[in-house]
> 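So that we are looking at the same thing, I have put the structure below in C-alpha cells.
Values below: every heavy atom of this structure, side chains too, minus hydrogens, waters and symmetry copies.
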Amino acid sequence: MQIQTVTLGYPRIGKNREVKKALEAFWSGKLDAESLLQTVRQVEESNWKTQLEAGIDHIGIGDTTLYDHVLDWIFRFGLIPQRFQQFSGLERYFAMARGQEGIPALEMTKWFDTNYHYLVPEIATDILPADFSDFIETVSRAQNILGKKAVPIVLGPCTLLRLSKVELNIDEAVSKLLPLYVNLLTQLKNLGIAEVQIHEPALVLGDANSWKEHFKTVYNSLDAVGISLHLVTYFDDLGETYPWVIDLPVAAISLDLTRGRNLELIKTHGFPQNKRLGVGIIDARNIWQVRPEKIIPILQEIVETLHGTSLDIQPSASLQFVPYDAKREKRLPSQLRNVLSFTEQKLQEVVFLARTIKGDNTKTEQEFIESTWSTFEEFSPANQSVQERLKTLKIDDFQRSLSYGLRLDSQISLPLFPTTTIGSFPQTSEVRQLRVRYKRGELNQSEYEAAIDAQIAESIKLQEELGLDVLVHGEFERTDMVEFFGQQLSGFAFTENGWVQSYGSRYVRPPIIYGDVVRTAPMTLREFKVAQSLTEKPVKGMLTAPVTILNWSYPRTDIFKSEQAFQIALALRDEVADLEAAGAKVIQVDEPALREGLPLKPQRWNEYLSWAVDAFRLATAIAQPQTQIHTHMCYCEFGDIIKDIERLDADVISIENSRSNNQTLREITEGGYSHQVGNGVYDIHSPVVPTTEQILEQLRTGVANLPVKQIWVNPDCGLKTRRWSEVIPALKNMVEATKVLREEANATVKSQ
C-alpha cells in the first residue's frame, strides 16, 4: 500500500490580501496589467513553496485567479457570450465579471453550499477558439519550482455544463466541449505532466445520476489522451452514483469524508484496487484542529477495509475556504488559538496523519494535540442561562401573534411601490479610517460615536433629498454584517488576518463560534435612535439573521448547527424587542445564507429547512403585529424552497433579481408567494450606473409578475462596496423610475 499526501487547491488572495489591493488599484487606474499579473504570480509561487516545504507529495496548482476560477475556465474555453465579444483581454474578462455600461455581467451565484460566489457560464452555439496559454504558462512555472509534484487542477466538463446556462442540448454541448478538453490534456501531457486533477463536484448533487452517460462519454474520451486522471469530488457523498463512478476510467478518485456518507459507501461497495483513493479527511471548510482519537480510527478502518489500495491523505476540498495561518493570530487566547487549524496547519495535519497511518512514531505529537483540546474545553464551559432558555421554548415563541393577512393593515402607511435600500452605504476610506483610529486608541468612544453620527446624519439627509420612503442609517459602524454582531455576542472569536474570498476582491473574516452564544447588551439600538431622531420617515432597524450568522461563521463541531442557530436567534430576539420598544416600525433581519446552507442532497432538505426557518421565526416572532419585518436574500435559487421562504413569515422580502434576468422574480411568482417583495432593480456589484429607463423596464417586469400592492423598489443588495459617485445617481434614477411607475399605475386605475 502506498500512502501519499495531496492538496486540492489553496487560498489565492495572498497572506496580506495582495491580490485584492492589486485588483482595486488596477480598476482605479493606479496599477498596470502586468503589475497586477505579477502580483498574482508572486502569491501563487509563495503558495507552492509553502506546500513544498510542508512535505506535500502532490501539490494542486493552477487554481489561483484574478476574480473567479469558473470565469477563468469560461474564458479559456472561449465560452464568451455575444455581448462581451466586442472586448478583448482583461477588459473582456472584467466586463464578464463586473459588467460595462449597458452590458450586464454574468450572473453570480453561490458555489454549491459555500459562501463563495462564482460567475455562471452562458454556453451558446458560437464558442470562440480556446486559449490555454495562461494556464500552460502557470503549469510551466510550477514545474520549475515543484518538479513532478505539480498537479494541474482543471474544472471538469460535466460540472462546468451542470453549472451553466446552456442554449444547446447537453449532448451537443458535450460534443463541442470535449475536443477542447482533449486539446488541453494533450498540451499538458506534452509538457511532461504525469497526472491532472479533474474537479467534478457536480457528482455530489441530487441529480448527478441523470448525468451517468455524459460522464461515461466524457471520461472514455479523456482517458484516450493517455494522461493519468485524478477525479476529485467534494462537499458531500456520491450517493447512488458511487457504484458507476468508481468504474470510470481514471487513476484516482477523491472523496469527501467530512460530509455525507462516503465512508459507508466505501464499506458497502468497496473500492477498486487498481485506483488510488483520495481520502478527504481534513475538513477544508472549518478551522478546528483534528481530533486524533476520532480521525485515526477512521483511517485505520479504511486501510483494513481496502487492504492494498493506495491512499492519498488530503483535505476534503480546496483550502480556499480557510485563512492562511493560525499562528498569526496573536490576540486570540492561547487556549483557543492552539486548537485552530488554518491552511498551513492543515498541511501539517495531512502530513501527520499520513505518517501515523504508515506507522511512524507520532505518539508524542498525538498526546500534545489531545492535551490542547482538554485545555480548550476547560476554557469554554457551557452557559447555563442560554441552555435554560432553549429548554423552555414553546410553540408560541415561533409564531407572530397575528397572521400576515390580519396584521398588514396595522403596519406603516406607505405610497404605492415604496422605495428603500438594503441597508449599507459606501464604506469610504474616511469611514474605514474612523474604525482604525478608534481601534488604535486615537479616538475615544465619544469621539468615535460623534464621527459615526455625522455619517449617519449625512446619509439620512441624502435619503430624504432623494425621496426614499423607508430609510436606513447606513451601517457605517459595521465592518461586516456578520462580524459586527459576533463582536457583541459572547461565544464568538475574531481573527486579525483570517481573510477568505467571497468573490472577486470581496474578502471576509468569518467569526469563530467557540462557545454558547449570549447577548450581553443591545447591539444596534444607539445608531437606530440617532438615525430615527433625524427624520419623520421610518428608519429600518438592521439585523443579520441567525442562519446567516451561523453559515458565514466557522461553527462549533461539538453540538448540532440547529442548537447554535437557536442560540443566535434568542440573542436577536432580544434585539428585536429592544428596537421595537425604541420606536422601530420596520426591522430588517437579513437571511441571505438560508438557501446556501441547504444540503446538496434533496432528501436532507426537510430536516435543515425545519430548524433553519424556525430559527428565523424564533428571532422575529416576538415583534408586535404593527412592526413590519423585512428580510433580504440574494444570489441563490428560490423556486424549489419558495414555500419554506414564505414560512419565514416576513412581511417583506427583498431579492437579488437584476443579475439573474428576472429568474428569481419568476420563481417567486410561480411559487404563489403572497407576501411583499422588494424586486432588486439594479446590480450593485457593477460600477455601472443604471439609467432611469433601465430601472423602469425592470420595475415593469415586476408589475407583470406581481400585484402592485406586493411590490417594493430597492437595489439588489447592500451598497457598501460602491462609491458615492455611483450610489447617488443610481438611487436618484431608481426614485425617478418609481415615480413614473406610480403615475402609470394611477392612470390605469382611473381608466378602469
> Looking just at side-chain N and O atoms, do Thr258 and Asp256 make a donor-acceptor pair shorter than 3.5 Å?
yes
> So, does Lys176 use its side chain to make a donor-acceptor pair with the main chain of Asp126 at under 3.5 Å?
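Between the backbone of Asp126 and the side chain of Lys176 there is no qualifying donor-acceptor contact (under 3.5 Å).
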> Under 4.5 Å between any side-chain heavy atoms of Leu257 and Ser316, yes or no?
no
> Scan Arg276, Lys189, Lys148, Lys149 and name whichever one has a salt bridge (charged side-chain N to carboxylate O under 4.0 Å, His left out) with Glu195.
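Only one of Arg276, Lys189, Lys148, Lys149 forms a salt bridge (charged side-chain N to carboxylate O under 4.0 Å, His left out) with Glu195, namely Arg276.
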> Between Leu71 and Ala97, which heavy-atom pair has the shortest distance, and what is it?
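It is CD2-CB, 3.8 Å.
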> As a quick check of understanding, evaluate side-chain contact (heavy atoms from CB on, under 4.5 Å) for Leu277 and Ile266, giving each step before the final call.
CA-CA 10 Å; Leu277 172 63; Ile266 292 169; 3.9 Å; yes
> Looking at Gly60 and Gln197, what are the two nearest heavy atoms and their distance?
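Heavy-atom minimum between the residues: CA-NE2, 4.0 Å.
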> How about Ile13 and Tyr324: do any of their side-chain heavy atoms sit closer than 4.5 Å?
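When only atoms from C-beta onward are counted, Tyr324 and Ile13 do touch, with a gap below 4.5 Å.
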> Distance check, rounded to the nearest 0.5 Å: Glu200 atom CD versus Thr233 atom OG1?
10.0 Å
> Would you confirm whether Glu91, through its side chain, and Gly89, through its main-chain N or O, come within 3.5 Å as a donor-acceptor pair?
no
> How long is the straight-line distance from CG of Leu36 back to NZ of Lys21, given to the nearest 0.5 Å?
14.5 Å
> Can any side-chain N or O of Asp68 pair as donor or acceptor with the backbone N or O of Tyr503 at less than 3.5 Å?
no
> Any donor-acceptor pair under 3.5 Å linking the side-chain atoms of Gln273 with those of His307?
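Note: His307 and Gln273 side chains miss the donor-acceptor criterion.
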> Is it the case that Ser210 and Asp207 place a side-chain donor and acceptor less than 3.5 Å from each other?
no
> Check the angle between the aromatic planes of Trp288 and Trp373 and answer parallel, tilted or perpendicular using the 30° and 60° thresholds.
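Judged by the thresholds at 30° and 60°, the geometry between Trp288 and Trp373 is tilted.
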> If every non-hydrogen atom of Arg141 is compared with every non-hydrogen atom of Glu44, which pair is closest and at what distance?
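In this case the closest contact between Arg141 and Glu44 is NH2-OE1, 2.6 Å.
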> Check whether any side-chain heavy atom of Leu340 sits under 4.5 Å from a side-chain heavy atom of Tyr554, and report yes or no.
no
> To the nearest 0.5 Å, how far apart are CG in Leu146 and CD1 in Ile56?
11.5 Å
> Assess whether a salt bridge exists between Lys267 and Glu301, defined as any Lys/Arg side-chain N lying under 4.0 Å from an Asp/Glu carboxylate O.
yes
> Looking at His58 and Val151, what are the two nearest heavy atoms and their distance?
CB-CG2, 3.8 Å
> Of the options Leu37, Val19, Thr39, which is the one that meets Leu66 in a side-chain contact (heavy atoms from CB on, under 4.5 Å)?
Leu37
> Would Phe132 and Phe77 count as a close aromatic pair, with their ring centres under 6.0 Å?
yes
> Could you give me the CA-CA distance, side-chain angles and deciding distance for Tyr118 and Thr109, then say whether side-chain contact (heavy atoms from CB on, under 4.5 Å) is met?
CA-CA 6 Å; Tyr118 75 96; Thr109 193; 3.4 Å; yes
> For Val350, which of Asp57, Ile282, Val290 qualifies under side-chain contact (heavy atoms from CB on, under 4.5 Å)?
Ile282
> Taking the side chain from Thr138 and the backbone from Asp134, do they hold a donor-acceptor pair closer than 3.5 Å?
yes
> Do Arg261 and Tyr242 form a cation-pi contact, if we require the NZ or CZ to be under 6.0 Å from the six-membered ring centre and within 45 degrees of the ring's axis?
no
> Decide, yes or no, whether a salt bridge links Glu24 with Lys20 under the criterion of side-chain N to carboxylate O below 4.0 Å.
yes
> Can you see which heavy atom on Leu160 is nearest to which on Pro121, and at what distance?
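Looking at all heavy atoms of both residues, the closest pair is CD1-CG, 3.8 Å.
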> Is the Lys NZ or Arg CZ of Arg259 less than 6.0 Å from the centre of Phe112's six-membered ring, within 45° of the axis?
no
> Ignoring hydrogens and geometry, is there a side-chain-to-backbone donor-acceptor pair from Asn220 to Pro249 under 3.5 Å?
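No; judged by distance alone, with no hydrogens or angles, the pair does not exist.
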> Roughly how far, to the nearest 0.5 Å, is CD of Glu122 from CD of Glu107?
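Separation between the atoms: 8.5 Å.
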> Is the terminal nitrogen or CZ of Arg98 (NZ for Lys, CZ for Arg) located under 6.0 angstrom from the six-membered ring centre of Trp27 and within 45° of that ring's axis?
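Yes - Arg98 lies over the ring of Trp27, closer than 6.0 Å to its centre and within 45° of its axis.
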> Would Val154 and Phe135 count as a side-chain contact (heavy atoms from CB on, under 4.5 Å) if you check the C-alpha gap in whole Å, the side-chain angles of each, and the deciding distance to 0.1 Å?
CA-CA 10 Å; Val154 176; Phe135 190 68; 4.1 Å; yes
> Could you tell me if the side chain of Leu299 sits less than 4.5 Å from the side chain of Ile313, heavy atoms only?
yes
> Any non-hydrogen side-chain atom of Leu231 less than 4.5 Å from a side-chain atom of Val245?
yes
> Identify which one of Tyr10, Phe352, Phe342 satisfies the side-chain contact (heavy atoms from CB on, under 4.5 Å) criterion when paired with Leu347.
Tyr10
> Report the relative orientation of the aromatic rings in Trp111 and His69; use parallel for angles under 30°, tilted for 30 to 60°, perpendicular for over 60°.
perpendicular
> Can you tell me how the ring of Tyr219 sits relative to the ring of Phe215, calling it parallel under 30°, perpendicular over 60° and tilted otherwise?
parallel
> Can you tell me how far apart NE2 (His199) and CG (Asp63) are? Round to the nearest 0.5 Å.
7.5 Å
> To the closest 0.5 Å, what do you measure between OG1 (Thr114) and CH2 (Trp552)?
11.0 Å
> Return yes if a side-chain donor-acceptor contact under 3.5 Å exists between Gln187 and Asn183, otherwise no.
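Gln187 vs Asn183: donor-acceptor pair found between side chains.
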> Any heavy-atom pair between the side chains of Glu137 and Arg41 that's under 4.5 Å?
yes
> Report yes or no: does Lys216 contribute a side-chain atom to a donor-acceptor pair with the main-chain N or O of Trp244 at less than 3.5 Å?
no
> Any sub-3.5 Å donor-acceptor pair from Asn16's side-chain atoms to Glu18's backbone N or O?
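Here the side-chain-to-backbone pair does not exist.
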> Do Asp72 and Tyr93 have side-chain N/O donor and acceptor atoms under 3.5 Å apart?
yes
> Between Asp236 and Arg604, is there a salt bridge with N-O shorter than 4.0 Å?
yes
> So does Glu172 get a backbone contact from the side chain of Asn169, meaning a donor-acceptor N/O pair under 3.5 Å?
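Indeed, once roles are kept as given, a pair shorter than 3.5 Å links the two residues.
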> With no hydrogens and no angle check, is any side-chain donor or acceptor of Gln289 less than 3.5 Å from a backbone partner on Arg337?
no
> Evaluate Thr495 against Arg328 for side-chain contact (heavy atoms from CB on, under 4.5 Å), listing each step before the verdict.
CA-CA 9 Å; Thr495 63; Arg328 302 180 76 194; over 6 Å; no
> Heavy atoms only: give me the nearest Ile287-Pro323 pair and the separation to one decimal.
CG2-CD, 4.1 Å
> Output yes when a side-chain donor or acceptor of Lys15 lies under 3.5 Å from a complementary backbone atom of Asp325, and no otherwise.
no
> Does any part of the side chain of Leu205, heavy atoms only, come nearer than 4.5 Å to the side chain of Arg162, both counted from C-beta?
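Arg162 vs Leu205: side chains touch.
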> Does the side chain of Ser140 come within less than 4.5 Å of Leu191's, by heavy atoms?
yes
